[in-house]
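Residue numbers begin at 1 in each chain, while the letters A, B, ... track the order of the sequences. The model shown is predicted, which means the values in this text are computed figures rather than measured ones.
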Number of protein chains: 2
Amino acid sequence: MPAFTIGIDLGGTNLRIAAIDQDGRELQAISTLTEVSRGREYVIADITASTALLREKFARSHKFLGVGIGLPGIIDVESGTLHSAANLPGWQAYNVRDDLAQRLDSAVFLDNDANCAALGEKWLGAGSHVDDLCMITLGTGVGGGFVFNGKPWHGVLGMAGEIGHMTVIPEGRPCLCGNRGCLEQYASATAIRRAALEAADSGESPCLAAARAQDSALTARTVYACAQAGDPAAMRIFAVAGSALGIALGNLINAFNLPLYVIGGGVSRAWNQFAPAMFEQLRTRSIVFRAGEEQKRTHRATEVVPAMLQDRAGLLGAARLPVILRPGRCCSMAV
Amino acid sequence: MPAFTIGIDLGGTNLRIAAIDQDGRELQAISTLTEVSRGREYVIADITASTALLREKFARSHKFLGVGIGLPGIIDVESGTLHSAANLPGWQAYNVRDDLAQRLDSAVFLDNDANCAALGEKWLGAGSHVDDLCMITLGTGVGGGFVFNGKPWHGVLGMAGEIGHMTVIPEGRPCLCGNRGCLEQYASATAIRRAALEAADSGESPCLAAARAQDSALTARTVYACAQAGDPAAMRIFAVAGSALGIALGNLINAFNLPLYVIGGGVSRAWNQFAPAMFEQLRTRSIVFRAGEEQKRTHRATEVVPAMLQDRAGLLGAARLPVILRPGRCCSMAV
């Protein structure tokens with residue numbers, strides 16, 4: 001009998017629940033809005049009902065291995081509690097794991113959204129050939145997740161992966177975190193948008209100014225369209241983002257020498273615009289990256305690649321949690 | 001019957017071999033110069049004779065668990081070969097592990113000196129209470145080693161721990177590695193010496209100028225003595241080193257959220273001079289470090305501490321290798 005799990009990707013905006021078989025095939029998915037404003041109990045009851053429905057349907061033909069859930073915020077994986085969850089008001093200090101496990105009478109495993117995305121890419125995406133990887137998500141902010149030996153890495157406070165707040169320019173732009181020159185200030189969609197608004201207002205970019213006249217907010221996608229059309233200011237914005245990413249990545253590569261770094265999130269679709277500046281920094285700054293380039297023919301190099309699964313990575317990673325985290329499974333086994 | 005291993009710390013200058021029991025007690029040690037100039041065969045024969053002597057002596061009263069050796073350079077742990085070894089000419093591409101294993105008819109385990117030092121501190125030094133740590137060695141250069149789940153972390157090319165070449169100031173001092181603004185350019189003994197020579201020559205530091213008149217080379221120890229005597233230029237040199245270390249550490253802490261960072265090497269003895277600037281950067285730049293500070297009472301924080309074992313860490317870590325790396329030992333067991 002084939003096996004399946006149920007993955008839950010709970011974001012501040014979207015809620016996705018899917019039954020996924022052991023080979024990563026989606027048996028059935030339920031997508032809805034996360035109605036955060038209706039309160040935690042409403043959302044949890046919604047999740048419980050959908051999960052129970054999917055389980056009942058597929059448990060006839062498949063062995064059920066458990067539920068995995070990915071959430072935004074800082075999670076205490078040991079206790080199953082959310083330490084902080086800016087996008088889920090009212091969820092702080094709530095034991096989502098134990099509550100769901102009780103309501104569903106099932107094993108429930110949880111992790112944060114960044115680690116679930118990293119795990120999804122490791123299982124079925126850009127990282128299926130490695131045991132260790134780092135995933136960097138360029139979205140509204142810049143997030144990060146690590147997989148070591150096939151498993152998510154949390155760190156001692158559950159805060160590993162704060163890659164967006166690595167310092168890339170010590171005297172650079174102030175960040176809300178209190179630091180200056182954080183990666184997030186250069187490579188997030190927010191940073192790209194801000195730089196584009198400045199370029200539109202200063203008159204240095206006719207393309208961005210015209211786009212702004214249509215859509216006063218501008219989006220990273222619009223900036224990308226201008227860059228693709230050859231607008232120098234828009235191209236420079238992505239080059240700055242790529243350079244900042246290259247400095248941070250070079251530091252990660254020198255420190256940990258992982259085989260693979262996966263770049264995801266909306267901004268990663270602008271790969272051709274920011275990747276050249278990123279690789280230039282990597283080649284200049286990272287002796288470990290260069291050693292990988294030189295040994296490419298005989299050894300495994302350091303790969304830096306765009307994500308493959310885009311916004312499905314988190315759901316698939318969540319669905320993988322019950323398989324890799326179930327008790328008694330030795331950490332040294334291949335995932 | 002108690003157990004013992006034999007640890008070998010093979011440096012470019014010193015060779016130390018010791019029989020160490022399972023509790024870390026040194027049963028007997030043999031220290032000598034590494035006579036690199038007499039060729040590899042001479043050194044290996046020397047190691048073999050001393051190791052055989054120690055084994056024979058203690059195998060009567062203790063169970064022998066194997067030999068561990070720490071070497072400078074980049075090591076392919078899987079094959080047992082040295083990829084590169086700047087301080088051991090003639091050793092490149094040499095399979096030190098298999099050769100020693102054959103000569104001694106014993107299991108031999110090897111790792112690089114930085115990882116052995118990290119492992120030594122984890123076993124008997126500043127890290128005995130954690131499973132994961134990062135050790136940064138401030139010496140002639142700046143090196144690094146990681147222990148994850150009680151074991152050394154090597155990375156895909158065996159190059160993990162190149163912390164000395166993390167970028168801390170993107171447009172900073174050029175480094176021989178090809179980058180600019182590497183940590184090593186600010187926090188190594190070499191960098192401190194260079195800055196001190198500049199301060200002595202420029203006339204801004206009477207203390208360093210006087211010291212230089214005595215000893216034209218100056219040493220980091222002399223710079224420290226001037227700083228302790230209140231010389232502003234010497235104090236500033238350590239503050240610069242501490243700030244650079246704080247930027248690099250803040251990035252490591254934000255990325256990996258390890259519980260412990262151990263600072264070793266000769267320069268670490270100047271802790272009171274550089275640590276205030278280091279912690280100032282950490283508090284400003286690392287949200288993960290700050291979260292640890294805030295949660296200190298209820299959670300484990302991020303610790304940054306000086307090394308405890310100084311130059312014995314590498315020998316003790318080498319002696320620990322046979323115990324933690326022996327086949328069949330699951331990676332999830334406590335070390």
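Ring geometry for A/Phe148 versus B/Phe256: interplanar angle under 30°, hence parallel rather than tilted (30 to 60°).
Between B/Ile247 and A/Pro170, some side-chain heavy-atom pair lies under the 4.5 Å cut-off. By the 4.5 Å heavy-atom criterion applied to side chains, A/Asn257 and B/His154 are not counted as neighbours.
For the pair A/Asn251 (side chain) and B/Thr167 (backbone), a donor-acceptor distance under 3.5 Å is present.
Proximity to chain B (any heavy atom under 4.5 Å) is restricted, for A/Leu252, to the side chain, taken from C-beta onward. Looking at A/Val130, there are no atoms closer than 4.5 Å to chain B (heavy atoms on both sides), in backbone or side chain. For a residue to count as touching a neighbouring chain, one of its non-hydrogen atoms must lie under 4.5 Å from one of that chain's; by this rule A/Arg290 touches chain B with the side chain only.
The two residues B/Asn254 and A/Met166 make their nearest non-hydrogen contact at ND2-N, 4.1 Å.
Atom CG of A/Asn179 is separated from atom CZ of B/Arg285 by 5.0 Å, given to the nearest 0.5 angstrom. The NE2 atom of B/His165 sits 4.5 Å away from the CD1 atom of A/Ile287 when rounded to the nearest 0.5 Å. For the atom pair CG of A/Leu157 and OG1 of B/Thr302, the computed distance is 5.5 Å after rounding to the nearest 0.5 Å.
Looking only at heavy-atom pairs under 4.5 Å with chain A, the residue among B/Gly161, B/Gly144, B/Ser243, B/Gly158 that has the most is B/Gly161. Most heavy-atom pairs under 4.5 Å with chain A: of the set B/Gly178, B/Cys134, B/Ala255, B/Cys177, this distinction falls to B/Ala255. In terms of non-hydrogen atom pairs under 4.5 Å with chain B, the most contact-rich of A/Leu258, A/Ile253, A/Ile163 is A/Leu258.
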